[in-house]
*Asks:* 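Sharing a structure here in structure tokens format.
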Amino acid sequence: MVDSTSGLPGSFAMERGETPEEEGQPGRVLPTSLDSNSLKKSNWGFLFPGLVGGALVTVYAVATPFVTPALRKVCLPFVPATSKQIENVVKMLQHRGGSLVDIGSGDGRIVIAAAKEGFPAVGYELNPWLVWYSRYRAWREGVHGSARFYISDLWKVTFAQYSNVVIFGVPQMMPQLEKKLELELGDDARVIACRFPFPHWTPDHTTGEGIDTVWAYDMSTFRGREKRS
């Protein structure tokens, strides 16, 4: 018997033809569409971990300067000064001259306020993000010429050249800082403490109340008391 469509015997035609069941047998080449889908899934498999890893590195880079100080034995956390605290600090600077330093200057509010009052002011801050932001604020406020900011650990800085020192401290650090300033500051210097007073010094002036309280200590008075005792 001859197949009318191929001109071949019917049994031979059936052997050469492909049945639906044979399409899925091993050894056959998969359709192109399946290869493309597999490739896309493979690419996403590499891309997704890369994106996650990049995000984690970014978070680490941003968070580390904030977290690291908290891991120190004596830390100075960043808490923005209130407008009343800044007002009280400026009040304690009335009739004062010379340069000013803010120890742990945060976002630069005190330094910028002092610069606006005519003081050549400097801020030392361990967190680089806050230092860069402070420099930007000083530029925006038009006092970048008299307000400067440095990335530095306060325990590695000498404050002998400053006539006015401002500190927003914490109780744990005040005794150690008290000793450091006693050794370094001149007789004409004034130390202004915010939020927490020094443990052994007697303030010459006090203003404000609650968390806005500010204490001013004149080194000449302190040293005069030491001589009398």
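Since the model is a prediction, treat every value here as computed from it, not as a measurement.
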*Asks:* Side chains of I192 and V214: does their closest heavy-atom pair fall under 4.5 Å?
*Replies:* yes
*Asks:* Just checking, any donor-acceptor pair under 3.5 angstrom between side chains of D107 and S134?
*Replies:* no
*Asks:* Any side-chain to backbone donor/acceptor pair from S146 onto G118? Under 3.5 Å, distance only.
*Replies:*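 Absent.
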*Asks:* Can you find a pair of side-chain heavy atoms, one from E117 and one from V90, that are under 4.5 Å apart?
*Replies:*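 Touching, per the 4.5 Å side-chain cut-off.
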*Asks:* Within the 4.5 Å heavy-atom criterion, are V111 and F149 side-chain neighbours or not?
*Replies:* yes
*Asks:* Go through L126 and S152 one step at a time and tell me if the side chain to side chain contact (heavy atoms under 4.5 Å, CB included) criterion holds.
*Replies:* CA-CA 5 Å; L126 191 60; S152 183; over 6 Å; no
*Asks:* Between atom OH of Y136 and atom NE2 of H144, what is the distance when rounded to the nearest 0.5 Å?
*Replies:*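 The OH atom of Y136 sits 13.5 Å away from the NE2 atom of H144.
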*Asks:* Write down the atom of Y217, the atom of P197, and the distance for their closest heavy-atom approach.
*Replies:*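 Here Y217 and P197 meet closest at OH-CB, 3.3 Å.
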*Asks:* Check whether any side-chain heavy atom of I167 lies under 4.5 Å from a side-chain heavy atom of F196, and answer yes or no.
*Replies:* no
*Asks:* Any side-chain to backbone donor/acceptor pair from D218 onto S220? Under 3.5 Å, distance only.
*Replies:* no
*Asks:* Do I211 and M92 belong together in a cluster built from hydrophobic side chains that touch within less than 4.5 Å?
*Replies:* no
*Asks:* Minimum heavy-atom separation for D212 to N88, with atom names?
*Replies:*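 Distance-wise, the nearest heavy atoms are O-ND2, 2.8 Å.
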*Asks:* Hey, mind stepping through V79 and F168 against side chain to side chain contact (heavy atoms under 4.5 Å, CB included) and telling me if it holds?
*Replies:* CA-CA 9 Å; V79 180; F168 282 73; over 6 Å; no
*Asks:* Let me confirm one number: the CZ-CG distance from F222 to D187, rounded to the nearest 0.5 Å.
*Replies:* 11.0 Å
*Asks:* To the closest 0.5 Å, what do you measure between CD (E182) and CG (L177)?
*Replies:*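 Taking CD in E182 and CG in L177, the distance rounds to 10.0 Å.
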*Asks:* Does some side-chain heavy atom of L185 sit less than 4.5 Å from a side-chain heavy atom of R190?
*Replies:*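 Of all side-chain heavy-atom pairs linking L185 with R190, none is under 4.5 Å.
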*Asks:* Can you see which heavy atom on F159 is nearest to which on K180, and at what distance?
*Replies:*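 Looks like CE1-CE, 3.4 Å.
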*Asks:* To the nearest 0.5 Å, tell me how far L183 CG sits from E178 CD.
*Replies:* 11.0 Å
*Asks:* On a heavy-atom basis, which atom in A114 and which in A121 lie closest, and how many Å separate them?
*Replies:* CB-CB, 4.1 Å
*Asks:* Check this for me: R148, atom CZ, are more than 12 non-hydrogen atoms of other residues, nucleotides or ligands nearer than 6.0 Å?
*Replies:* no
*Asks:* Write down the atom of L181, the atom of M219, and the distance for their closest heavy-atom approach.
*Replies:*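 Taking every non-hydrogen atom into account, O-CE, 4.2 Å.
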*Asks:* Return yes when atom CH2 of W139 has more than 12 non-hydrogen atoms of other residues, nucleotides or ligands closer than 6.0 Å, and no otherwise.
*Replies:*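 Check fails, neighbour count at 12 or below.
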*Asks:* Let me confirm one number: the CD1-CD1 distance from I110 to I103, rounded to the nearest 0.5 Å.
*Replies:*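 Here the interatomic distance stands at 12.5 Å.
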*Asks:* Is there a side-chain contact between Q85 and R195, using heavy atoms and a 4.5 Å cut-off?
*Replies:*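 Touching, per the 4.5 Å side-chain cut-off.
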*Asks:* Using a strict threshold of under 4.0 Å (side-chain N to carboxylate O), is an ion pair present between E141 and R137?
*Replies:* no
*Asks:* Taking G106's backbone N and O only, do any of them form a donor-acceptor pair with E125's side chain (distance below 3.5 Å, no angle check)?
*Replies:* yes
*Asks:* Would you say Y133 ends up clustered with I86 if hydrophobic residues are merged whenever their side chains have heavy atoms under 4.5 Å apart, either directly or through other cluster members?
*Replies:*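 No, because I86 and Y133 fall into different hydrophobic clusters, even though each may have its own neighbours under 4.5 Å.
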*Asks:* Please list, chain by chain and in numerical order, all residues satisfying side chain to side chain donor-acceptor pair (under 3.5 Å) with K84, sequence neighbours excluded.
*Replies:* E87
*Asks:* Verify the cluster assignment for V157 and V122: are they in a single hydrophobic cluster under the rule of side-chain heavy atoms below 4.5 Å apart?
*Replies:*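 Linked within one cluster.
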*Asks:* If the condition is ring pair (Phe, Tyr, Trp, His ring centres under 6.0 Å), which residues does Y150 pass it with, not counting sequence neighbours?
*Replies:* Y124
*Asks:* Hey, could you give me each pair passing ring-ring contact (aromatic ring centres under 6.0 Å, His included) that has a residue in residues 173-192? Not counting sequence neighbours.
*Replies:* none
*Asks:* If every non-hydrogen atom of R96 is compared with every non-hydrogen atom of S163, which pair is closest and at what distance?
*Replies:*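 In this case the closest contact between R96 and S163 is NH2-O, 3.0 Å.
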*Asks:* Taking C-beta and beyond as the side chain, do V101 and V166 meet within less than 4.5 Å on heavy atoms?
*Replies:* no
*Asks:* Can you tell me how the ring of F198 sits relative to the ring of W201, calling it parallel under 30°, perpendicular over 60° and tilted otherwise?
*Replies:*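 If you compare the ring of F198 with that of W201, the planes turn out tilted.
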*Asks:* Is there side-chain contact between T213 and T206, with heavy atoms separated by less than 4.5 Å?
*Replies:*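 Heavy-atom side-chain distance check passes, below 4.5 Å.
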